[in-house]
Amino acid sequence: PPKNQKTKKILVVAESGLLTDICLHQIVHSDYIWRQAQLEVLTLAIPEYAFSETDGQLYQRLSRRLNQIEEMRRFTNELLREQDMVASAGQLRGVLTQIEEQTVSKRHLIQANLSEIASGCQVIPITFEAFRRGKLRFLSSTPPPDENDCQILASVLCYIEEHRNDYDLKLFLCHDQKHFDLPVIHQSFN
């Protein structure tokens, strides 16, 4: 920026979807936001609750994949009993072993990525007040409808209240539009 122009301080608060995207390299826009945070162009803040949610969900996803591989391995063993299928089944066995190894190593990569992101952003702590608000929001059926999303939203709102005057522009980035893009949530941010 020109010498006389003040650089705007930008805060991007994100939920679990951004973490999943970055860990699995799913969407280039998420990687871009992460790079901008690393370059300190913006401040990225993510609730501690979202880190745990992402870690748990991705662990379950990989566990399901390993179970499916095991099921496919049993099927492959059946195919190996048929002479005309031995060659193809042998190839399938090799592919399954490769996918299994990649899946196991992906678990370690995900945990390393989450740790790296946590060290490169503002981790919004789970405070008693945020937890209380999230639980009450969920119990009263105030959107969002998912308890995890209520906890994340409550943490975000407490963080934004605390840092109200620290940033020129504050953005909430979410992937779950049907849960977060609602008038009652917009009012909460205002």
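Computed over heavy atoms, backbone and side chain alike; hydrogens, waters and symmetry mates excluded.
Hydrophobic clustering of Ile, Leu, Val, Met, Phe, Trp and Tyr side chains at less than 4.5 Å, counting indirect connections, unites I33 with V123. No continuous path of ILVMFWY side-chain contacts below 4.5 Å connects I27 to V12, so the two sit in separate hydrophobic clusters. I126 and L19 fall into different hydrophobic clusters, where Ile, Leu, Val, Met, Phe, Trp and Tyr side chains are chained together by heavy-atom contacts under 4.5 Å. Cluster annotation: I22 and L114 are assigned to the same hydrophobic cluster (Ile/Leu/Val/Met/Phe/Trp/Tyr, side-chain heavy-atom contacts under 4.5 Å, transitive). Both L18 and L169 belong to a common hydrophobic cluster when Ile, Leu, Val, Met, Phe, Trp and Tyr are linked at side-chain heavy-atom distances under 4.5 angstrom.
Looking only at distances, no side-chain donor or acceptor of E15 sits under 3.5 Å from a matching main-chain atom of A50. Judged by distance alone, the side chain of S105 and the main-chain N or O of Q102 form a donor-acceptor pair under 3.5 Å.
The two residues K106 and L62 come nearest to each other via the heavy atoms CD-CD2, 4.1 Å. Smallest separation of non-hydrogen atoms from Q151 and A130: OE1-O, 3.9 Å. Residues P143 and L182 approach most closely at CB-CD1, 3.5 Å, considering heavy atoms. The shortest heavy-atom contact between H179 and I185 is O-CD1, 3.2 Å. The two atoms that bring C158 and E129 nearest to each other are SG-CG, 4.4 Å, heavy atoms only. Considering all non-hydrogen atoms of both residues, L44 and A14 come closest at CD1-CB, 4.2 Å.
Atom CG of L66 sits about 13.5 Å away from atom CZ of R61, to the nearest 0.5 Å. Remark: N148 CG to L153 CG distance equals 12.5 Å, nearest 0.5 Å. Going from atom OG of S16 over to atom CD1 of I152 covers 3.5 Å, rounded to the nearest 0.5 Å. In this structure, R164 CZ and L11 CG are separated by 13.5 Å, a value rounded to the nearest 0.5 Å. Atom CZ of F180 sits about 8.0 Å away from atom CG of D146, to the nearest 0.5 Å. Atom CD of E40 and atom CD of Q38 lie 10.0 Å apart (nearest 0.5 Å).
Enclosure of atom CD in E82 by more than 12 non-hydrogen atoms of other residues, nucleotides or ligands within 6.0 angstrom is indicated.
Using a 4.5 Å cut-off on side-chain heavy atoms (C-beta onward), I110 and Y59 make no contact. Contact annotation: the side chain of S188 approaches that of R137 to within less than 4.5 Å [non-hydrogen atoms, C-beta and beyond]. When side chains are defined from C-beta on, D21 does not count as touching W34, because their heavy atoms never get closer than 4.5 Å. Looking at heavy atoms from C-beta onward, N77 lies in side-chain contact with R93 at the 4.5 angstrom threshold. Looking at heavy atoms from C-beta onward, I10 lies out of side-chain contact with Y167 at the 4.5 angstrom threshold. Side-chain contact check for D181 versus H186: some heavy-atom pair is nearer than 4.5 Å. You'll find the side chain of L58 reaches within 4.5 Å of the side chain of L24, heavy atoms only. With contacts defined as side-chain heavy-atom distances shorter than 4.5 Å, the pair L171/L173 does not qualify.
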task: Just do the side chain to side chain contact (heavy atoms under 4.5 Å, CB included) check on R132 and L136 with the steps written out, would you?
output: CA-CA 6 Å; R132 183 185 74 76; L136 292 175; 3.1 Å; yes

message: For N67 and E71: C-alpha separation, side-chain torsions, deciding distance, then whether side chain to side chain contact (heavy atoms under 4.5 Å, CB included) applies.
response: CA-CA 6 Å; N67 289 337; E71 206 172 297; over 6 Å; no

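Among V104, I99, T103, T97, the one residue that satisfies the side chain to side chain contact (heavy atoms under 4.5 Å, CB included) test with E101 is T97. T43 pairs in a side chain to side chain contact (heavy atoms under 4.5 Å, CB included) with only one of the listed residues (K9, K170, Q122), which is Q122.
In this view, H163 and Y159 satisfy the ring pair (Phe, Tyr, Trp, His ring centres under 6.0 Å) rule, not counting sequence neighbours. Shown here are the side chain to side chain donor-acceptor pair (under 3.5 Å) partners of S115, two or more places apart in sequence or in another chain: there are none.
A salt bridge is defined here as a Lys NZ or Arg NE, NH1 or NH2 lying under 4.0 Å from an Asp or Glu carboxylate O, and E100 with R65 fails to meet this definition.
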